[in-house]
Enquirer: 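To start, I am sharing the structure in question, which I have written as structure tokens.
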Amino acid sequence: MTRRAIILVWLVSSGCARPVPGTTPPPTSAGASLDPSAWGSTHAGTSPPDFVRGDECLFCHRSTVGVTWKDTSHGAAVRHREDAPALAASLQADPSLARVAADVEYFLGSRNRVRVMKQTGAGKFALLDARAELDGRGGVTRWIPIMLSWDAERFANRCAGCHATGVDPATKTFSAFGLDCYSCHGDVSLDHTKDRSLVWWSAARRNERAFEAVQAMTSICAQCHMRGGRSKSTGLPYPSTFIAGDNLFKDFNVDFARADDPALNPGDRHVFRNVRDVALHGADTPICTTCHRIHAQSSDRHRFLPRTAICADCHQFEGTAVRTAPYVVNSPLCEYEGVRSGR
């Protein structure tokens, strides 16, 4: 089979080239919409379950997921100091940070800005107001020291839902720092060794086109990537005890009109548009993993993008070339602003 034929087969099978028939209701007419909270269940307001931890998952998955996860943006959501030696060295070498450098235990983020933290108790981090600007390749261009004051509540009130696992809505303490397997794959039964459909995003689940399966998988990604929403039950800017398989929108309130807001940067607007198409209009393709390979963080699928409207949110097409359009990356919630260069 030729390279061109392989690409065409992938586009068709992934749903990029055409809609895939299934049990999903057809997209609603212009101006009409579904109720995104009408299906499924929620765990909002409850304590997180005693889930199977990533260390246990790696007993079987160490030679696949284990070798790539730590190098992905999701895997680097929060890193211990010893797992980020280049950042630690840069921090230590900056004279303006000398009086706090030894106290730093964790780094938050990996792509646009990096913040530093220390543990203040079980499931609690204090966040330093200093931050690092990155050069787009993970290197530090400069540290912005500000007042060098520690905030004991900011991580819990703004960051924990997407940079920690198993956050208790009552105490705002987390069960594990960073993103554990549970964040995306759910409260996995040990019986999944006999039935892989028990695990969200397993091969047995990710190609499902049933209405609730598509909606549930979209909710998993949207729990963190739809920045700007709020939990109805806690008022926090992240979901309350979301477990993969839940309907995010039973508790998490978002303004889908932002999908058409030209002031929103193209990356975030792209997320809003895709989730809106699924949650409000019943689309079953594309979903996030149509283009994004999470464990490997590969860009392979982006090299052969179909030329559709949603792709043009972030990409410019010139002849046979596909380039990422330059745009400003900003997030009031995450407290950063910068420029992502096109390529």
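Please read all numbers here as calculations on a predicted model, not as lab measurements.
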Enquirer: Quick test of your reading: applying ring-ring contact (aromatic ring centres under 6.0 Å, His included), list the pairs with at least one residue in residues 91-110, sequence neighbours left out, ordered by first then second residue.
Expert: H80-Y106, Y106-F125, Y106-F177
Enquirer: Measure the CZ-CG distance between R276 and D255 for me, rounded to the nearest 0.5 Å.
Expert: 10.5 Å
Enquirer: Begin with the C-alpha distance, continue with both residues' side-chain angles, and end with the deciding distance and a verdict on side chain to side chain contact (heavy atoms under 4.5 Å, CB included) for V278 and Q215.
Expert: CA-CA 7 Å; V278 174; Q215 297 275 345; 4.0 Å; yes
Enquirer: Can you tell me how far the CG atom of L97 sits from the CG atom of L148, to the nearest 0.5 Å?
Expert: 6.0 Å
Enquirer: With rounding to the nearest 0.5 Å, note down the distance linking CD1 in I294 to OG1 in T289.
Expert: 7.5 Å
Enquirer: Locate the shortest heavy-atom distance separating A77 from L179; write the atom from each residue and the value.
Expert: CB-CG, 4.0 Å
Enquirer: Do side-chain atoms of N247 reach the backbone of P36 as a donor and acceptor pair under 3.5 angstrom?
Expert: yes
Enquirer: Following the transitive rule for hydrophobic clusters with a side-chain heavy-atom cut-off under 4.5 Å over Ile, Leu, Val, Met, Phe, Trp and Tyr, establish whether F242 and V199 coincide in one cluster.
Expert: no
Enquirer: Would you check if the side chain of H192 reaches a backbone N or O of S189 as a donor-acceptor pair within less than 3.5 Å?
Expert: yes
Enquirer: Would a distance-only check, ignoring hydrogens and angles, find a side-chain to backbone donor-acceptor pair under 3.5 Å from T165 to G178?
Expert: yes
Enquirer: Closest heavy-atom contact between W200 and C184?
Expert: CB-O, 3.8 Å
Enquirer: For S37, does its backbone N or O pair with a side-chain atom of K250 as donor and acceptor, under 3.5 Å?
Expert: yes
Enquirer: Under 3.5 Å, side-chain donor or acceptor atoms of residues 50-59 against the rest of the protein: list the pairs with distances, not counting sequence neighbours.
Expert:
{"from": "R53", "atom 1": "NH1", "to": "S175", "atom 2": "O", "distance (Å)": "3.4"}
{"from": "E56", "atom 1": "OE2", "to": "R53", "atom 2": "N", "distance (Å)": "3.1"}

Enquirer: Would you say that K124 contacts F155 through its side chain, given a criterion of any heavy-atom pair below 4.5 Å between the two side chains?
Expert: no
Enquirer: Look at the side chain of E133 and the backbone N and O of T141, then say whether any donor-acceptor pair between them is shorter than 3.5 Å.
Expert: no
Enquirer: Just how far is it from atom NE2 of H185 to atom NE2 of H61, taken to the nearest 0.5 Å?
Expert: 8.0 Å
Enquirer: Evaluate the criterion side chain to side chain contact (heavy atoms under 4.5 Å, CB included) for residue pair V114 and L134; output intermediate values, then yes/no.
Expert: CA-CA 8 Å; V114 166; L134 303 184; 3.8 Å; yes
Enquirer: What heavy-atom pair brings M226 and V275 nearest, and what distance separates the two atoms?
Expert: SD-CG1, 3.4 Å
Enquirer: Quick check for you: to the nearest 0.5 Å, what is the distance between T68 atom OG1 and H295 atom NE2?
Expert: 7.0 Å
Enquirer: Output every pair passing salt bridge (charged side-chain N to carboxylate O under 4.0 Å, His left out) with a member in residues 174-199, not counting sequence neighbours, ordered by first then second residue.
Expert: none
Enquirer: Quick check against the 3.5 Å criterion: does T218 have a side-chain atom that pairs as donor or acceptor with the backbone of V214?
Expert: yes
Enquirer: Can you list the residues that meet the ring pair (Phe, Tyr, Trp, His ring centres under 6.0 Å) rule with H43, with sequence neighbours excluded?
Expert: none
Enquirer: Kindly indicate, with the supporting measurements, whether the criterion side chain to side chain contact (heavy atoms under 4.5 Å, CB included) is fulfilled by R79 and L87.
Expert: CA-CA 10 Å; R79 287 170 287 175; L87 286 174; 3.3 Å; yes
Enquirer: With a 3.5 Å distance limit and no angle check, can you tell me whether R131 reaches the backbone of R115 through a side-chain donor-acceptor pair?
Expert: no
Enquirer: Closest heavy-atom contact between E212 and G40?
Expert: OE2-N, 3.9 Å
Enquirer: Is the closest side-chain heavy-atom distance between L34 and L280 below 4.5 Å?
Expert: no
Enquirer: Given 3.5 Å as the limit, does a donor-acceptor pair link the side chain of D251 with the main chain of S233, or not?
Expert: yes
Enquirer: Kindly say whether L264 contributes a backbone atom to a donor-acceptor pair with the side chain of R269 at under 3.5 angstrom?
Expert: yes
Enquirer: If hydrophobic clusters are built by linking Ile, Leu, Val, Met, Phe, Trp and Tyr wherever their side-chain heavy atoms come under 4.5 Å apart, do M217 and I243 end up in the same one?
Expert: no
Enquirer: Kindly work out whether a path of hydrophobic side-chain contacts (I/L/V/M/F/W/Y, heavy atoms less than 4.5 Å apart) joins I220 to L248.
Expert: yes
Enquirer: Tell me, do V116 and W143 make a side-chain contact under 4.5 Å, heavy atoms counted?
Expert: yes
Enquirer: In Å, rounded to the nearest 0.5 Å, how long is the span from SG of C334 to CZ of R111?
Expert: 12.0 Å
Enquirer: I'd like to know if the side chain of Q223 and the backbone of S183 have a donor-acceptor N/O pair within less than 3.5 Å.
Expert: yes
Enquirer: Do L91 and V100 share a hydrophobic cluster (ILVMFWY, side-chain heavy atoms under 4.5 Å, transitive)?
Expert: yes
Enquirer: Taking all atoms of both residues into account, what is the closest heavy-atom pair of F249 and S219, and its distance?
Expert: CE1-OG, 4.2 Å
Enquirer: Does the pair D284 and F211 meet the rule for a side chain to side chain contact (heavy atoms under 4.5 Å, CB included), with working shown?
Expert: CA-CA 7 Å; D284 65 359; F211 174 69; over 6 Å; no
Enquirer: Tell me whether F252 is reachable from I287 by hopping between hydrophobic residues (I, L, V, M, F, W, Y) whose side-chain heavy atoms are closer than 4.5 Å.
Expert: yes
Enquirer: For residues T290 and T285, report the shortest heavy-atom separation together with the two atoms involved.
Expert: OG1-OG1, 4.3 Å
Enquirer: Restricting to pairs with a member in residues 217-239, which pass salt bridge (charged side-chain N to carboxylate O under 4.0 Å, His left out), not counting sequence neighbours?
Expert: R227-D268
Enquirer: Can you pull the salt bridge (charged side-chain N to carboxylate O under 4.0 Å, His left out) pairs that have at least one residue in residues 152-177, sequence neighbours excluded?
Expert: R154-E335
